[in-house]
Amino acid sequence: MATMLDILGSMIIGSMLLLIAITAMDNAVQQFVNHNADAIVQNEMVSLTEIIQHDLRKMGFGIPEAEQNSILQIGQPDHLKFLANLNINSDYYAAQHGNIHIDAIPDTIEYSIAAFDTIDFIDTSIVLYSVIRTVKVTQESPSSGHIGSISNDEVFSYLDQLGNETGVLQATKMVEVTLIAMNPDIYVNDEVLLALTPVERMNELRKLIRQSFWRQTRVISKNLRR
């Protein structure tokens with residue numbers, strides 16, 4: 001009888017240890033996968049930020065001072081369009097357009113933010129937005145495409161000489177860019193999906209679908225401050 005009790009006790013203890021090991025391994029996998037997915041999102045956001053900053057610094061480049069008020073063509077939170085002379089010399093943008101011709105005709109760079117996907121996690125949904133960049137050089141084919149994904153649709157703020165927001169295009173001297181990225185490719189274990197009430201589950205999911213990267217930058221265009 002004592003032997004049977006020892007065997008049963010060992011089986012119970014072994015089962016408990018196995019359950020603890022499986023749970024610990026599941027949590028470790030969740031942390032590993034989510035951490036690496038966060039790192040990928042952050043790297044993509046850095047690249048997106050560098051592209052936007054590079055373009056905004058060219059705002060008004062090569063545009064005569066007499067035409068300064070027309071540099072900013074569209075200034076909305078989700079839509080930005082401005083003039084710049086991109087082919088005033090043969091080197092600039094040559095890598096993208098080949099051996100482009102040289103002229104003094106204004107070209108345009110345009111950014112638009114558009115919803116393109118929705119990720120559902122039971123009680124929580126994330127809307128992802130596409131950052132679409134369009135470059136139009138005169139007498140060349142337009143270049144347009146998706147350059148990144150973010151989770152906010154209000155990206156651009158327009159500031160005057162004192163750094164205050166303004167709705168007047170001609171008064172804009174700085175553009176503030178706010179980019180937020182979430183990690184939708186999260187690993188969620190069964191404990192989160194099944195063992196919680198809807199409210200608790202939503203709160204836990206929001207912790208996992210955390211803000212992976214946030215960037216706010218004010219870009220001052222020398223050509224707007226002439």
Side-chain angles (χ1 to χ4, degrees), residues 26-59 72-82 96 108-136 142-159 165 167 174-194 196-219:
D26 192 32
N27 290 334
V29 170
Q30 175 176 300
Q31 291 295 323
F32 177 79
V33 171
N34 291 343
H35 176 76
N36 282 277
D38 280 350
I40 293 172
V41 171
Q42 291 176 17
N43 288 333
E44 291 177 349
M45 189 58 61
V46 169
S47 299
L48 175 60
T49 302
E50 290 175 348
I51 293 172
I52 295 177
Q53 287 181 343
H54 180 269
D55 281 346
L56 291 185
R57 290 192 178 98
K58 294 298 181 183
M59 185 183 298
L72 195 57
Q73 301 272 293
I74 299 175
Q76 299 173 358
D78 60 350
H79 194 183
L80 168 64
K81 183 179 181 180
F82 59 87
Q96 295 180 346
T108 62
I109 298 178
E110 183 174 2
Y111 281 91
S112 57
I113 313 300
F116 80 100
D117 197 9
T118 301
I119 309 297
D120 295 314
F121 292 98
I122 304 177
D123 308 291
T124 301
S125 296
I126 301 177
V127 178
L128 298 180
Y129 297 90
S130 174
V131 180
I132 303 170
R133 175 179 180 268
T134 303
V135 179
K136 295 180 180 179
S143 173
S144 182
H146 167 94
I147 62 169
S149 301
I150 55 177
S151 59
N152 61 307
D153 59 341
E154 295 190 355
V155 173
F156 306 106
S157 300
Y158 305 91
L159 313 176
E165 286 198 31
M174 295 174 278
V175 178
E176 186 173 74
V177 181
T178 302
L179 300 171
I180 301 173
M182 299 288 185
N183 172 20
D185 300 319
I186 62 170
Y187 173 86
V188 182
N189 59 33
D190 292 340
E191 182 180 356
V192 173
L193 292 176
L194 302 176
L196 302 172
T197 67
V199 174
E200 292 174 328
R201 183 167 60 241
M202 182 171 59
N203 290 335
E204 289 299 316
L205 283 168
R206 284 176 174 170
K207 290 178 185 178
L208 292 173
I209 311 170
R210 57 196 175 279
Q211 181 175 300
S212 294
F213 194 84
W214 179 87
R215 184 73 174 264
Q216 189 173 54
T217 306
R218 288 187 178 185
V219 180

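Along the sequence shown, the residues carry numbers beginning at 1.
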> Do I150 and L48 have side chains that get closer than 4.5 Å, going by heavy atoms?
Replying inline: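 In short, these two side chains touch, coming nearer than 4.5 Å.
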>> Within the structure provided, determine whether L56 and Q53 are in side-chain contact (heavy-atom separation under 4.5 Å).
In response: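 Answer no - side chains too far apart.
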> Looking at residues at least two apart in the chain, or sitting in another chain, which of them share a side chain to side chain contact (heavy atoms under 4.5 Å, CB included) with A115?
Replying inline: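 A115: side chain to side chain contact (heavy atoms under 4.5 Å, CB included) contacts with V127, Y129.
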> Can you list the residues that meet the side chain to side chain contact (heavy atoms under 4.5 Å, CB included) rule with E165, with sequence neighbours excluded?
Replying inline: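 Expected list: S157, L159.
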> Could you go step by step and tell me if T108 and F82 meet the side-chain contact (heavy atoms from CB on, under 4.5 Å) rule?
Replying inline: CA-CA 6 Å; T108 62; F82 59 87; over 6 Å; no
Restricting to non-hydrogen atoms, name the atom on [X] and the atom on [Y] that form the minimum distance, rounded to 0.1 Å.
X    : Y    : value
I113 : N152 : CG2-O, 4.1 Å
Y158 : L72  : CD2-CD2, 4.1 Å
I52  : Y111 : CA-OH, 3.6 Å
F116 : S149 : CZ-OG, 3.5 Å

> Hey, does the side chain of S151 reach the backbone of I180 with a donor-acceptor pair shorter than 3.5 angstrom?
Replying inline: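 Here the side-chain-to-backbone pair exists.
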>> When you measure from the side chain of D55 to the backbone of I109, do you find a donor-acceptor pair of N or O atoms at a distance under 3.5 Å?
In response: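 Such a contact is absent between D55 side chain and I109 backbone.
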Would you be so kind as to tabulate the donor-acceptor pairs closer than 3.5 Å made by side chains of residues 73-81, with sequence neighbours excluded?
from	atom 1	to	atom 2	distance (Å)
Q73	NE2	S70	O	2.6
H79	NE2	E110	OE2	2.5

>> Just verifying a value: how many Å separate R133 CZ and S143 OG, rounded to the nearest 0.5 Å?
In response: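 Reported value, rounded in 0.5 Å steps: 6.5 Å.
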